[in-house]
Trainee: 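The structure's right below; bear with me while I get my questions together.
Letters go in sequence order (proteins before strands), and every chain restarts at 1. Please read these numbers as outputs of a predicted model, since none were measured by experiment.
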Protein chains: 2
Amino acid sequence: MENFIPEALFSMLERRDELSVAERKALESLSWRLRSYGDGDEIIPERSEPTESCLLVEGLAARSRQLANGNRQLTAVHVPGDFVDLHGLLLKVMDHAVMALAPCRMAFAPHSEVRRIAAEFPHLGRLLFMTVAIDAAIQRNWIACMGRMDPLRHIAYLVCEVYCRLDVVGQVKDRAFDFPVTQSEVADLVGLSIVHTNRTIQELRASGHVTWQGNQVIVHDWDGLARLADFDPTYLNLVRRPR
Amino acid sequence: MENFIPEALFSMLERRDELSVAERKALESLSWRLRSYGDGDEIIPERSEPTESCLLVEGLAARSRQLANGNRQLTAVHVPGDFVDLHGLLLKVMDHAVMALAPCRMAFAPHSEVRRIAAEFPHLGRLLFMTVAIDAAIQRNWIACMGRMDPLRHIAYLVCEVYCRLDVVGQVKDRAFDFPVTQSEVADLVGLSIVHTNRTIQELRASGHVTWQGNQVIVHDWDGLARLADFDPTYLNLVRRPR
DNA sequence: CGCTAGGTTGAGGTACGTCAAGCTAAGTGG
DNA sequence: CCACTTAGCTTGACGTACCTCAACCTAGCG
């Protein structure tokens, strides 16, 4: 629409495989519609049936599941470059909501057009669906973290993951990144109470591997942090390979 | 190869959308290779780079993640009809292992052929990748269960989910299904200790909603069980829709 | 200056995990 | 056919990691 160029998406995909000029042009040619959201805004409601896919351009978003007992669980974090709603394209009905964890800019493109370029450029289509598979891989690791890791390692793991994913799109500067997420939201990410989340973050700070105050996270000792969290970035597929 | 017809896959896909004759033929035409596995066998090792996708034909399988602290977390259950290793096709390197929860028969087809039919029949390709998106949706719900549900509801949810998924491929008879999984494996599925898993299963039995002895699970009161688990099958996409 | 959202701390209870033992049923070798 | 083993299930005792409740503190904002 407004000649939008999805740079972050290019970074995200090109980190995994080469994009041809035609493929880039195809992505650019979608009739993108840009929209902004405030902190906490609902971007895609649960049970809705989106007709557009959305790409996170700026900010931070999350997938959120509201349970009958009133609890909330966040099941994914999304960073710029993430094609957040390919799931909706394939699944039709949203089984969860997508919300802004921080002020966000999103770019929307009609499902019909995404389907068209995926069919016309099968390799590009595979790359787009690869992002869905990466989301799934991330979620598998979250399951492992929730089931079999203690809170300290779990939160350390979260920091490692967000660090890597933000790094792909150039949002890590001097081993530091912006993480405008409240401790209450972190609690809903890791499935702990707010109080225990707070204490665990303090414990993580005390470990000396990171500084985490306000929205700023600084990783002083990547290797130590990764060792603590048993973090192996293989699942993020940060390798350029023909796909 | 041996004129194999992936009936369970047809059921799985046709439950979600119509398959044309050409699409069915395309799936049949893959050079399937059949293999059997015993209980507990490793089907796809962690860190391997499969060149074939595999389809579960008979039995029960799981995705397994081994942690450095020696713990194991199972991150997914697979039932007949599940195209287990499309993830491998898109991701190249396995970030987890696939193992047999029970004696299994698997059908393997070369990635190159799967890629070819996905490109040649874009609608079929979307359906195949839809199964990846459904896996992701299932995992999101597992995350919610692990983070924000008590063990009783979590295990009840597991029963609901397996029930629905087995039903799609005709493996539920008279509200009962075969579930040849040890309590130790259930523990690794839900992220609890064996002892607590045992006590929770007893509690579930005592609730009267299910009989669960040996490998046999009988659901006496589906509505009650679903209410207990706050189970809403939307995420399984059990609706026929053009995709 | 007061209000609010977010962060922090303390106290007390409980739902989990761990350890250890005993039980049952199926399989194995004599 | 019976000892013996083994895998899986069950139970009890005990400790602790986590949750809940309730304050209080701080910074930002009207």
Trainee: Between dT9(C) atom P and Ile201(A) atom CD1, what is the distance in whole Å?
Mentor: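 Distance check: Ile201(A) CD1 to dT9(C) P gives 12 Å.
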Trainee: Between atom CD in Glu185(B) and atom C1' in dC9(D), what is the gap in whole Å?
Mentor: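 Taking atom C1' of dC9(D) as the reference, CD of Glu185(B) is at 14 Å.
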Trainee: Ignoring backbone atoms, establish whether Asn198(B) has a side-chain N or O less than 4.0 Å from OP1 or OP2 of dT10(D).
Mentor: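 For Asn198(B), the contact criterion (side-chain N or O under 4.0 Å from OP1 or OP2 of dT10(D)) is met.
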Trainee: dG17(C) C1' sits how many Å from Met149(A) CE, rounded?
Mentor: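 After rounding, the reported distance stands at 18 Å.
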Trainee: Send over the distance from Arg148(A) CZ to dT18(C) C1', rounded to a whole Å.
Mentor: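 From Arg148(A) CZ to dT18(C) C1': 13 Å.
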Trainee: Base, sugar-phosphate, or nothing for Leu192(A), non-hydrogen atoms under 4.0 angstrom?
Mentor: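 Leu192(A): backbone/sugar contact only, no base atoms under 4.0 Å.
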Trainee: Assuming nearest nucleotide by heavy-atom distance, tell me which of Arg205(B) and Asp150(A) is located more 5' along DNA chain D.
Mentor: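 Nearer the 5' end of the strand: Arg205(B).
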Trainee: Between atom CD1 in Ile194(B) and atom P in dA20(C), what is the gap in whole Å?
Mentor: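 Rounded to the whole Å, the gap is 15 Å.
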Trainee: Would you kindly check whether a donor in the side chain of Arg199(A) faces an acceptor in the base of dG10(C), or vice versa, at under 3.5 angstrom?
Mentor: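 Result: at least one qualifying N/O pair found.
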Trainee: Could you tell me whether Asp95(A) and Arg140(B) have a side-chain N and a carboxylate O separated by less than 4.0 Å?
Mentor: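 Judged by the 4.0 Å cut-off on N to carboxylate O distance, Asp95(A) and Arg140(B) do form a salt bridge.
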Trainee: Expressed as a whole number of angstroms, how long is the span from Asn71(A):CG to dC19(D):P?
Mentor: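 These atoms are roughly 11 Å apart.
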Trainee: Quick one: is dA7(D) close enough that its OP1 or OP2 comes under 4.0 Å of any side-chain N or O from Gln183(B)?
Mentor: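 So the side-chain polar atoms of Gln183(B) never come under 4.0 Å of the phosphate oxygens OP1 or OP2 of dA7(D).
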Trainee: Relative to the ring of Trp32(B), is the ring of Phe83(B) parallel (under 30°), tilted (30 to 60°) or perpendicular (over 60°)?
Mentor: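 Ring orientation of Phe83(B) relative to Trp32(B): tilted.
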Trainee: For dC9(D) and Gln213(B) - does any side-chain N or O of the residue sit under 4.0 Å from the phosphate oxygens OP1/OP2?
Mentor: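 Result: no.
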Trainee: In whole angstrom, what separates Asn215(B)'s CG from dG8(D)'s P?
Mentor: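 Roughly 11 Å, once rounded to whole Å.
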Trainee: How many Å lie between CD on Glu203(B) and P on dT11(D), as a whole number?
Mentor: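 Between P of dT11(D) and CD of Glu203(B): 13 Å.
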Trainee: Check Arg148(B) with Asp188(A), please: is the shortest side-chain N to carboxylate O separation under 4.0 Å?
Mentor: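 A salt bridge is present here (some side-chain N lies under 4.0 Å from a carboxylate O).
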Trainee: Side chain of Val195(B), heavy atoms from C-beta onward: which of dT9(C), dC19(D), dT11(D) has the nearest atom to it?
Mentor: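 Per side-chain heavy atoms of Val195(B), the pick is dT11(D).
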Trainee: Quick one: sort the Tyr163(A) and Phe177(A) rings into parallel, tilted or perpendicular, breaks at 30° and 60°.
Mentor: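 Answer is perpendicular, since the angle exceeds 60°.
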Trainee: Under 4.0 angstrom, heavy atoms only, what part of the nucleic acid is Thr182(B) near: base, sugar-phosphate, or nothing?
Mentor: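 If one applies the 4.0 Å heavy-atom cut-off, Thr182(B) turns out to touch the sugar-phosphate alone, with no base involved.
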Trainee: Does the pair Trp142(B) and Tyr157(B) meet the rule for a ring-ring contact (aromatic ring centres under 6.0 Å, His included), with working shown?
Mentor: CA-CA 9 Å; Trp142(B) 281 35; Tyr157(B) 197 100; 9.0 Å; no
